[in-house]
A.B. asks: 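So that we are looking at the same thing, I have put the structure below in structure tokens.
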Amino acid sequence: MPDPVQRSITWLAEQAVAGGELLGVALTSGVGVGLAIGDGRRIAVATGDPAAIVAAIDAAIGPRWVWWHRETADPLAVAGVGVQRCWDVLTVHRLLHGGWRASVPGAWARLHDLPLDSLPAMGQLGLLDVHPDEGADPDDPVRPDGHLRPEWTSGGWAASPDRLAAWAELAVVAARRQAEQMLTSGSDPQRVRSTAHAESAAELLCAELTVHGLPIDVPEAERIIADAVGPRPPDEAAADVARRARDDAVLAHAPIGARIDLRNPNDVRAMLRRVGVDVPDTRAWRLEHHRDAHPLVGALLTWRKAERIATTYGYRWLTEHVRDGRLRGEWSSSDGAAGRMTASSGLHNLPAELRPAVAAESGHVFVRADLGQIEPRVLAAVSGDPALVAATTADDLYQGVATRLGVARDVAKVAVLGAMYGATTGTSAQALRGLEREYPMAMGLLESAAATGRAGGDVVTIGGRRVRMWTDETVDDTGRGDIDRARRVAAARGRFARNALIQGAAAELFKVWAVTVRARATHLDARIVLCLHDELIVHVDESAGPRVADILVEALGEAAHRWSPERDVRFVADVSVIRRWSDVA
DNA sequence: ATCGTAGGCGCC
DNA sequence: AAAGGGCGCCTACGAT
């Protein structure tokens, strides 16, 4: 190991002992790595592989690494540096303030109460304006007016080792201010800090998921696709012929003489009307009721399924998103709403028919686990409703609720889910009154969230995530009056807020679980390859499968302990060791 | 031509 | 039983 690296490790070890709990890092592969404690002491390392340096320091002193954003996590994931403790400033910013968009200059401005309208514009926009930093030192990342210098934030931070070190130091300053803000946020600061740690680790996990991908048995995927839409067409013309053949199978049932585009919902609706099926839209669940009315309906529904494979999960999808036997997509740790993870390339909406193609590599297994009845258990935890907390001790929570309400299990389940989604009509309405009677704390919490949402207010999850209420003007106006429209917008906001409280909290618990699994299973060379809201898939050598299965269960207990405000809520996971995703018991 | 929106559907 | 919350991705279509 080169001398400067050894020196920096020694230096950092001393600082860590002296009380520097946070360690800033900024790195680029071309330039090196910048490190900082955050009280003015920096170190710039120009030689050596940045990721190797980080790995060596991580092993030596195990600090909580602080970085600005994903651009630092990505190269660490590529290099396989399994950093455990981190603080991602932009991820924490999204946690505290909500929304999906977040930028380094914006987060900095917010932290320092700087007016957002004086945010420095990118590019050349400012050339003709009076420069707020006229004559100032361009090597200082902060302008005299307090904003970050755009030349730095747009990439100049990586220009030299010294700048990397200054940038790392600034990240620590930002993280410290974020921690201070938590003290006055209105939520429990300990709890929010804990969420910040988990969310930051989840963002790093997302960088790793993006790099690793999901193992795919490509020949099996091709077989499934061929079953649905035929063999891979050699050219565009052949693809066109195949598509026409699929269309004709449906149109054979249609009234003759009609020129119908099956991909045009208006055409389809008109066609259905001509065979006596009158529907407001042509969604599958609606057409299901009319299956017996005419053979056209069944043919259309079958066509739609094949069309889904052909267009979204067909040969093009395979060649574009599967490389080296892995389905690769972009992962992000929190969406713009309640904070669930998102993934592209179909990773989060792979049709069940394709799941046999998701297969462990040879000599490996998947260890798969999903959380059972996660939403009502989360509702019990965040509301502290004693009756609902008691219901979580059962494997089947809904059965207990049904017994208490004196209704059928299905009715109870629909009612509980409906209460969390905002459904208020139908047969669940009567059971809803039963819920309000038997679980007043839980239902009261949901109703107060809905009221906040209806009034246009933000809701805050138990972990401290702010979910910003939308101010959408584009809700469809069918020509009725403004009052009616305002009422519909308010109702939609109420449903959104009601759900966000639960969906957001469930996402928090899930991420704590996932990053705990990641931490506890790295020594087995196990890799999380899929996160699906309440389901985890870990890829590992077959010899370690049973051990990882145990870890998934233990990690859930640990995660619940760290996350749940309510000691007595029981969370359950269904775990299995499998070769293919479709092998689930 | 390029963009945003809506209908539709996959998953949770 | 009813059709509610989130996301990504496809197509067609109208506005720019």
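Proteins get letters first, then strands, A, B, ... in listed order; numbering begins at 1 in each.
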A.B. asks: Rounding to an integer number of Å, can you tell me how far A:L532 CG sits from C:dG8 C1'?
C.D. replies: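 Value for this atom pair: 12 Å.
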
A.B. asks: Give the rounded distance in Å between these two atoms: CZ of A:R304 and P of B:dC9.
C.D. replies: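 Interatomic distance, CZ of A:R304 to P of B:dC9: 4 Å.
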
A.B. asks: What nucleic acid atoms does A:R269 come within less than 4.0 Å of, heavy atoms only: base, sugar-phosphate, or nothing?
C.D. replies: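 It contacts nothing in the nucleic acid.
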
A.B. asks: May I ask you to verify if any side-chain N or O of A:T312 is less than 4.0 angstrom from the OP1 or OP2 atom of C:dG8?
C.D. replies: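 The answer is no; no side-chain N or O of A:T312 sits under 4.0 Å from OP1 or OP2.
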
A.B. asks: Using a 4.0 Å heavy-atom cut-off, does A:R495 contact any base of the nucleic acid, only the sugar-phosphate backbone, or nothing at all?
C.D. replies: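 If one applies the 4.0 Å heavy-atom cut-off, A:R495 turns out to touch the sugar-phosphate alone, with no base involved.
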
A.B. asks: Counting just side-chain N and O atoms, does A:K413 come under 4.0 Å of either OP1 or OP2 of C:dA1?
C.D. replies: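 The answer is no; no side-chain N or O of A:K413 sits under 4.0 Å from OP1 or OP2.
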
A.B. asks: A:D385 side chain to A:A442 main-chain N or O, any donor-acceptor pair under 3.5 Å?
C.D. replies: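 It does hold such a pair.
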
A.B. asks: With respect to the phosphate group of C:dG6, does any side-chain polar atom (N or O) of A:R340 fall under 4.0 Å of OP1 or OP2?
C.D. replies: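 No, because none of the side-chain N or O atoms of A:R340 sits under 4.0 Å from OP1 or OP2 of C:dG6.
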
A.B. asks: So what does A:A500 touch, heavy atoms closer than 4.0 Å: a base, only the sugar-phosphate, or nothing?
C.D. replies: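 Nothing, no heavy atom under 4.0 Å.
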
A.B. asks: Under 6.0 Å from the six-membered ring centre of A:Y439 and within 45° of its axis: does the NZ or CZ of A:R404 meet both?
C.D. replies: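 Output yes; distance and angle both within limits.
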
A.B. asks: Which nucleotide, B:dC12, C:dC10, B:dG10, lies nearest any side-chain atom of A:H533?
C.D. replies: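 Side chain of A:H533 sits closest to B:dC12.
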
A.B. asks: 5'-most contact on DNA chain C: A:H321 or A:Q503, nearest heavy atom basis?
C.D. replies: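 Result: A:Q503.
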
A.B. asks: Heavy atoms from C-beta onward define the side chain here; which of C:dG6, B:dC9, C:dG4 lies closest to that of A:D335?
C.D. replies: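 Per side-chain heavy atoms of A:D335, the pick is C:dG6.
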
A.B. asks: Side chain of A:W285 only, please: which of B:dC11, B:dG7, C:dA3 is the nearest?
C.D. replies: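 Nearest listed nucleotide: C:dA3.
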
A.B. asks: Checking ring pair (Phe, Tyr, Trp, His ring centres under 6.0 Å) for the pair A:F510/A:H533: CA distance, chi angles, key distance, verdict?
C.D. replies: CA-CA 7 Å; A:F510 177 81; A:H533 307 314; 7.6 Å; no

A.B. asks: From C:dT11, C:dC9, B:dC11, pick the nucleotide closest to the side chain of A:S344?
C.D. replies: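 Of the candidates, C:dC9 comes closest.
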
A.B. asks: Quick one: which of C:dA12, B:dG10, C:dG6 gets closest to the side chain of A:D261?
C.D. replies: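 Comparing C:dA12, B:dG10, C:dG6 against the side chain of A:D261, the answer is C:dA12.
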
A.B. asks: In whole angstroms, how far is the P atom of B:dT5 from the CG atom of A:D281?
C.D. replies: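 Rounded to the whole Å, the gap is 21 Å.
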
A.B. asks: Using a cut-off of less than 4.0 Å, is there contact between a side-chain N or O of A:R263 and OP1 or OP2 of B:dG8?
C.D. replies: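 For B:dG8, OP1/OP2 do not have a side-chain N/O of A:R263 under 4.0 Å.
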
A.B. asks: So which of A:D248, A:D247, A:D240 actually passes side-chain hydrogen bond (donor to acceptor under 3.5 Å, both in side chains) with A:R244?
C.D. replies: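 Single side-chain hydrogen bond (donor to acceptor under 3.5 Å, both in side chains) partner of A:R244 among A:D248, A:D247, A:D240: A:D240.
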
A.B. asks: Reckon A:N264 has a side-chain N or O less than 4.0 Å from the OP1 or OP2 of C:dC13?
C.D. replies: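 True: A:N264 side-chain N/O within range (under 4.0 Å) of C:dC13 OP1/OP2.
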
A.B. asks: Does the separation of the ring centres of A:H348 and A:W331 fall below 6.0 angstrom?
C.D. replies: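 Here the rings of A:W331 and A:H348 have centres that are less than 6.0 Å from each other.
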
A.B. asks: Scan A:A338 against the nucleic acid and name what it touches under 4.0 Å (heavy atoms): base, sugar-phosphate only, or nothing.
C.D. replies: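 Answer is nothing: A:A338 stays at 4.0 Å or more from every strand.
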
